[in-house]
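Have a look at the structure below, then the notes.
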Amino acid sequence: MGVYRTHYSKELSDKYDGKEVTVAGWVEDIRNLGSIAFIILRDRQGTLQITTFKKQHREIFEKLINLNRESVISVKGVCKANEKVRNGYEIIPEELQILSESDAPLPLGVVDKVKAEMDTRLDNRFIDLRKSEVRSIFMIRDVLINSARDYLRKNGFVEVHTPKIIASASEGGTNLFRLKYFEKDAFLAQSPQLYKQMLMASGLDRVYEIAWYFRAEEHNTRRHLNESTAIDIEMAFIKDEEDVMSVLEGLVKHICEEIKERCKDEIETLNVEIKPPEIPVPRIRYDEALQMLEKEGVELEWGEDFGSEEERILGEIMRRKGVDFYFITKYPIQAKPFYTMPEGGLSKSFDLCCKGVEISSGSQRIHDYNLLVRRIEENGLKPDDFRDYLKAFKYGMPPHGGFGLGIERLLMQLLNLKNVRECILFPRDRTRLRP
RNA sequence: GCCCCGGUGGUGUAGCGGUUAUCAUACGGGCCUGUCGAGCCCGUGACUCGGGUUCAAAUCCCGACCGGGGCGCCA
């Protein structure tokens, strides 16, 4: 037998009727009726049926019906069109190679009639991923990331990679994972914020980074991970945060369009609708958002950031207007990090929300050295801790801004998934460190 | 950091002081030439751990371990 596979399941068509093909994959199910048996074989694209008769090929028949489910095999045989088969074709096997025998029972059923819990699924993620609805999420994730790259490159952004092992607690706010760096203490980066800003003093003008970030927060919710990925951008010579927002909305629109176009099967498998946002996506000023919430009976003191409940209600209000994506802009300066450009008591900032969940936040940044030092102090932080960062503001720093977009959050909201852990292959959360 | 909730066969569950510990699915065996959630018959298989209360604990109490979710914070 020369090759293990000449065709994937979905490639079978009438032109192969009566022809010899070789297929390979996992044995999803064996239905043995005594003298005839049906083997459902699964590959990356779907499933196909192998039909074998005891009288015709006794040896192959016996081998096939005695396999454990999820064994890996390669079968050479004749493809036959047959309308009794679900996808229209069956393979009559003439040669069988058992490439890997599976143990039984499975720790997690691939097509069992009982649903497994997330914990069991994650403990056996490699099996979980054999399910088409699970695999679809990661096929879409691939398109999401690559379409983001397309879009950003076409718009003059340069891909960069900044350190994930850093010397000091960068932004304040979240807790960082501490680690030993030879004789020094170090931390895992919570975001590329300070580095991508420093790069604005380099003349690269537009940079983006797709990378991992680490947050040592002890939360245990369906929206949080301790290790997650993000698309970050930073751009110089902007007139205000609107320039950044238009990149973000264009990016999200492009991502949605690409997914819609290139992931039709996966979208169908997941039974979701991908609606690319209309540009410009609505801008809701923080003050307006407060009023909208007040009408719904939610009282919030001016200056407070929205909690998850408020975000959810705003999402509900927008959904009634048929809007999935919307910006919340002009937050009070105290609700935003120190590098955010102030504007009166407000800030040149924005959050992008999707269906009631914040998926991205950004702003115009402060590029004036003295103002930046003052804002660091006002936030109770020590300018000396930021000396490497601050230095970049002393020798020619153009006006700039950017955003961070959480990949898992975006994917979760696009696909209406209930748990962010669905969107990452091997999640790290409050309690999970393996596999 | 705070607050709720839960741990029963491989998987998912019922039971909530005295049961032969329920059911499904999976697994093993048998029958079956058109299955596609195949069907039918038979079988194997479980109370997280430690202490306590009680004549009696899966069941009540305490602790540990493991897990789920919410808040805060954020992506």
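Here the structure is a predicted model, which means the values were calculated and not measured. Note: hydrogens, waters and symmetry copies are ignored here, and every other heavy atom, side chains too, is used. Residue numbers begin at 1 in each chain, while the letters A, B, ... track the order of the sequences.
Residue A:R421 places none of its side-chain N or O atoms closer than 4.0 Å to OP1 or OP2 of B:rG67. For B:rU35, the OP1/OP2 oxygens have no side-chain nitrogen or oxygen of A:T51 closer than 4.0 Å. Within the 4.0 Å cut-off from OP1 or OP2 of B:rG34, not a single side-chain nitrogen or oxygen of A:R86 is found. For A:R432 and B:rC66, the shortest distance from a side-chain N or O to OP1 or OP2 is not below 4.0 Å. Under 4.0 angstrom from either OP1 or OP2 of B:rG70 there lies at least one side-chain N or O belonging to A:R222. When the side-chain nitrogen and oxygen atoms of A:R215 are compared with OP1 and OP2 of B:rC74, none of them lie within a distance under 4.0 Å. OP1 or OP2 of B:rG68 sits under 4.0 Å from a side-chain N or O of A:T431.
Remark: A:R130 engages A:E70 in a salt bridge, criterion side-chain N to carboxylate O under 4.0 Å. A salt bridge between A:E288 and A:R283 is absent, with no side-chain N of the basic residue lying under 4.0 Å from a carboxylate O of the acidic one.
Remark: A:R312 pairs with A:E309 by the side chain to side chain donor-acceptor pair (under 3.5 Å) rule, at least two apart or across chains. Taking the side-chain contact (heavy atoms from CB on, under 4.5 Å) definition, one finds that A:R86 meets it with nothing, sequence neighbours left out.
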Could you go over nucleotides 4-10 of chain B and give all protein N or O partners under 3.5 Å, atom names and distances?
| unit_1 | atom_1 | unit_2 | atom_2 | d |
| --- | --- | --- | --- | --- |
| B:rG10 | O2' | A:L106 | O | 3.3 |

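Base pairing analysis places B:rC55 opposite B:rG18; the two distances defining the Watson-Crick or G-U wobble pair are each below 3.5 Å. The base-pairing partner of B:rG63, taking Watson-Crick or G-U wobble contacts with both distances under 3.5 Å, is B:rC49. Both distances falling under 3.5 Å, in either a Watson-Crick or a G-U wobble arrangement, occur for no nucleotide opposite B:rA75.
Each of A:I73, A:I98, A:I30 was compared with A:L64 under the side-chain contact (heavy atoms from CB on, under 4.5 Å) criterion, and only A:I73 meets it.
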